[in-house]
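In what follows, a structure is listed as structure tokens, so that the remarks can point back to it.
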Amino acid sequence: MRTLIAIGAIAGCSAVAGAQLNLGDFEGQWDNFTFGSSGAASMLIESLGGADISITIDLDGNVFGQADPPAFVITGSVGATGFVADPFADPGFGTMSGGVDLAGNIAIDLADAAGGFFPLITLRGIAFGDSVDIDYEIFDQIGAPAFAVGELNMDRVVPTPGGLALFGIGGFLVVRRKR
């Protein structure tokens, strides 16, 4: 679930103007509807220069029914198709694939999360403006119905100076730092 937060919050969108990359602090909550668990969620999205991004994510509470995991960092860059994370693998959250397109659509899969106990977790949602809304499904067997379902919602609370604006212009991607 942490990965989904980070990736999801990266791209805000406007159907006409392209995507607005909102940097800064985000806060919110994750809720597991199946088991009634929940916890606080936070992330910090920072520019590393150019189109490179650093995302620090922290989920509180009993994530995947286990102890409160430590915060972690995902890095990546924004390109012609949206946000692409650098290769990421974590014993708690597994191996991540997918990302966020330029319209803010989130499609992320986590394989072998919780030390391999969950072979697949799907994260689907949207990052729009200063908010991120993600639905997730946790599978304990491939091909079986979801073992658990929930959502993660976060809003930007503190902007970071120098956000990046992304505009698609006829197949070209223009990146400029906003001041």
request  = Find the distance between CD1 (I55) and CG (L44) and round it off to the nearest 0.5 Å.
outcome  = 9.5 Å
4.5 Å side-chain heavy-atom contact, Y136 and T122 = no
request  = Check side chain to side chain contact (heavy atoms under 4.5 Å, CB included) between T34 and all other residues, then give those that pass, not counting sequence neighbours.
outcome  = N32, A148, V149
key: Heavy-atom check, side chain of P69 versus side chain of F93, under 4.5 Å   = yes
ask   = How many angstroms lie between atom OG of S38 and atom CG of N62, to the nearest 0.5 angstrom?
value = 10.0 Å
Could you give the side-chain donor-acceptor pairs of residues 108-119 under 3.5 Å, partners two or more places apart or in another chain?
| residue | atom | partner | partner atom | Å |
| --- | --- | --- | --- | --- |
| D109 | OD1 | R124 | NH1 | 3.1 |
| D109 | OD1 | R124 | NH2 | 3.0 |

message = With a 3.5 Å distance limit and no angle check, can you tell me whether D101 reaches the backbone of N105 through a side-chain donor-acceptor pair?
response = yes
message = Given 3.5 Å as the limit, does a donor-acceptor pair link the side chain of R156 with the main chain of L23, or not?
response = yes
message = Would the distance check show the side chain of W30 and the main-chain N or O of D60 forming a donor-acceptor pair, the cut-off being under 3.5 Å?
response = yes
ask   = What pairs of residues pass the ring-ring contact (aromatic ring centres under 6.0 Å, His included) test when at least one of them lies in residues 33-60, not counting sequence neighbours?
value = F35-F147
task = Would you list the pairs meeting side chain to side chain donor-acceptor pair (under 3.5 Å) in which at least one residue belongs to residues 63-73, sequence neighbours left out?
result = none
key: Distance, nearest 0.5 Å, that separates CD of E151 from CG of L123   = 13.0 Å
task = Tell me, please, which residues at least two apart from V73 pass side chain to side chain contact (heavy atoms under 4.5 Å, CB included).
result = S54, T56, T75
message = Go through it in stages, so that I can follow the logic: the residues are I74 and D86, the test is side chain to side chain contact (heavy atoms under 4.5 Å, CB included), and I'd like the CA-CA distance, side-chain angles, deciding distance and then a yes or no.
response = CA-CA 7 Å; I74 295 174; D86 295 334; over 6 Å; no
ask   = Between atom OG of S131 and atom CG of N153, what is the distance when rounded to the nearest 0.5 Å?
value = 8.5 Å
ask   = F72 and F88: aromatic ring centres closer than 6.0 Å?
value = yes
ask   = Which hydrophobic side chains are connected to I142, either touching it within the sub-4.5 Å cutoff or through other members that do?
value = L120, F139
key: D135 and L152, any side-chain heavy atoms less than 4.5 Å apart   = no
task = Measure the spacing between CD of Q29 and CG of D155 and express it to the nearest 0.5 Å.
result = 12.0 Å
remark   = Note: G50 and S47 closest approach over all heavy atoms is O-OG, 4.3 Å
query = If every non-hydrogen atom of A127 is compared with every non-hydrogen atom of I106, which pair is closest and at what distance?
reply = N-CD1, 3.9 Å
query = With a 4.5 Å heavy-atom cut-off, do I45 and M43 have their side chains touching?
reply = yes
query = What pair of heavy atoms forms the shortest contact from A103 to I126, and how long is it?
reply = O-CD1, 4.2 Å
